[in-house]
Amino acid sequence: MRYPKHMQNLLIGAAAALVAGSFVVPGHDQSGPVLTAATAFVTGQPASTNSTGAASPAAMVSTSTKSALTALAASVTKLSQPQALEDAFHSYYAYKSEHPSDIKKPYLYFVDYGLPSTEARGYVFDMESLKVVDGPFTVAHGKGSSTSRYGVPTKFSNATGSNSTSLGLYVTRALYAFHGKTGGKPYQSVGLQLDGVSTGFNDNALDRHVVAHGAPYVTPTKAGRSEGCPAMEPARAQRLLPELADGAMVFLFAPDPNWLAGDPWISTAA
């Protein structure tokens, strides 16, 4: 129902009085059922609450996702699919809603593997302040995910020995001293353990030693192939990975129909 202007002002004033009262009455829950109903009445929007009057987890995930998209989408220069960021933010908030004690840092490392390795496709977001910490920057994909050295990965696997990228959501674990080889030459970098939480798609990550690390084959303009790791430039890894360690999240996206239909955090968030 659409109310006349003077009636809307009256209702808004009544709702404001309720809000003010909620701040001066000790122990009063400002998001209680009365205020929720009044706000819904004034705005014309339905209230999504549980039996206690609090917003439901699904509603909170949806609201947080929309806020993050509003704040951050304009800072992302290019996406392979319009839903890539939304899936990342939905998954982040859905997991955090169900496992709040696992998330000790507000950072999300996001990679869009629908873009080629010659384009900057990685970002780190601060999901608390809703700001870009770093990005875009180049990120490697697994050599088992593409037949050519550079290009767009098209094959994804959770299997040991596949050398492929595994899509989905990860929780970061500890830092360690990473040792690798490229062109037959050894190199060292900081490494960050990744615990895959997208069951069936990346939950073998720890056993496969899929980690975030720096690699000399990743430069500001292109990224060579890893053994499945979302590797970045060495200097960037040295700067970023300690900030991401022990309780941040990683989301690796690609427009892969099988994964999009089955990832538990995308479907949970939706």
Side-chain angles (χ1 to χ4, degrees), residues 78 80 107 109-124 133-196 198 201-246 248-256 259:
K78 189 173 184 179
S80 64
Y107 303 121
Y109 173 22
F110 164 77
V111 184
D112 184 353
Y113 281 125
L115 299 175
S117 57
T118 52
E119 292 193 32
R121 53 188 180 179
Y123 293 82
V124 173
V133 176
D134 200 0
F137 52 84
T138 52
V139 182
H141 59 257
K143 59 186 178 182
S145 291
S146 66
T147 55
S148 59
R149 185 178 181 187
Y150 301 113
V152 179
T154 57
K155 298 178 181 178
F156 305 95
S157 177
N158 194 31
T160 300
S162 67
N163 291 327
S164 296
T165 294
S166 298
L167 302 175
L169 192 66
Y170 299 77
V171 178
T172 66
R173 299 305 183 198
L175 287 176
Y176 72 106
F178 178 85
H179 299 270
K181 280 187 177 183
T182 182
K185 297 180 180 180
Y187 68 92
Q188 298 181 18
S189 174
V190 61
L192 175 60
Q193 295 174 330
L194 303 179
D195 186 2
S198 289
F201 294 96
N202 67 8
D203 51 352
N204 284 331
L206 287 174
D207 290 340
R208 291 180 60 206
H209 305 291
V210 172
V211 301
H213 63 85
Y217 52 79
V218 183
T219 73
T221 58
K222 59 187 177 181
R225 294 178 297 171
S226 67
E227 294 183 354
C229 303
M232 59 181 69
E233 297 165 71
R236 179 170 273 108
Q238 196 69 37
R239 183 176 74 251
L240 281 182
L241 296 188
E243 299 298 319
L244 298 177
D246 299 309
M249 300 207 80
V250 176
F251 187 83
L252 306 183
F253 175 89
D256 179 82
W259 166 68

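Both backbone and side-chain heavy atoms feed into the values below; hydrogens, waters and symmetry mates do not. Treat the numbers as computed from the prediction; the structure is a model and nothing was measured.
Residue R208 comes nearest to A159 through the heavy atom pair NE-O, 3.3 Å, listed as atom of the first residue, atom of the second, then distance. Considering all non-hydrogen atoms of both residues, L115 and K78 come closest at CD1-O, 3.7 Å. Of all heavy-atom pairs spanning P242 and A237, the tightest one is CD-O, 3.6 Å. L240 approaches V124 most closely through the heavy-atom pair CD1-CG2, 3.9 Å. Here the closest heavy-atom approach between residue L194 and residue V210 is recorded as CB-O, 3.7 Å. Taking both residues in full, the closest heavy atoms of S189 and G214 are given as OG-N, 2.9 Å, listed atom of the first, atom of the second, then distance.
In this structure, CZ on F251 lies 7.0 Å from CG on L169, to the nearest 0.5 angstrom. Of the inter-residue distances, the one linking T165 atom OG1 with Y113 atom OH reads 4.5 Å to the nearest 0.5 angstrom. From N202, atom CG reaches atom OG of S164 across 13.0 Å, with rounding to the nearest 0.5 Å. Rounded to the nearest 0.5 angstrom, Y109 OH and L192 CG are separated by 10.0 Å. The structure places OH of Y176 at 10.0 Å from CG of L241, a figure rounded to the nearest 0.5 Å. Between the CH2 atom in W259 and the CG atom in L167 there is a gap of 5.5 Å [rounded to 0.5 Å].
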Between F137 and M232, is a side-chain contact (heavy atoms from CB on, under 4.5 Å) present by the stated rule, with each step listed?
-> CA-CA 8 Å; F137 52 84; M232 59 181 69; 4.1 Å; yes

Check step by step if side-chain contact (heavy atoms from CB on, under 4.5 Å) holds for Y170 and L252.
-> CA-CA 8 Å; Y170 299 77; L252 306 183; 3.7 Å; yes

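With salt bridges taken as basic N to acidic carboxylate O contacts below 4.0 Å, one links D134 and R236. Under a 4.0 Å N-O distance rule, the pair R121/D112 does not qualify as a salt bridge.
Classified by interplanar angle (parallel below 30°, tilted 30° to 60°, perpendicular above 60°), the ring pair Y187/F178 is tilted. Aromatic ring orientation, F110 versus F253: tilted (interplanar angle from 30° to 60°).
S226 and H141 share no donor-acceptor pair across their side chains, judged by distance under 3.5 Å alone.
Between V190 and L175, the closest side-chain pair of non-hydrogen atoms falls below 4.5 Å. Within the 4.5 Å cutoff, the side chain of N158 has heavy atoms near those of the D203 side chain. Contact of the F201 side chain with the S166 side chain is not registered, since no non-hydrogen atoms from C-beta on lie closer than 4.5 Å. At a threshold of 4.5 Å between non-hydrogen side-chain atoms, the residues S146 and V152 do not count as touching. Counting heavy atoms from C-beta on, the side chains of P186 and H179 never come closer than 4.5 Å.
Within 6.0 Å of CD in E227 there are 12 or fewer heavy atoms belonging to other residues, nucleotides or ligands. Other residues, nucleotides and ligands contribute more than 12 heavy atoms inside 6.0 Å of the CZ atom of R239.
Here the side chain of T172 pairs a donor or acceptor atom with the backbone of A248 at under 3.5 angstrom.
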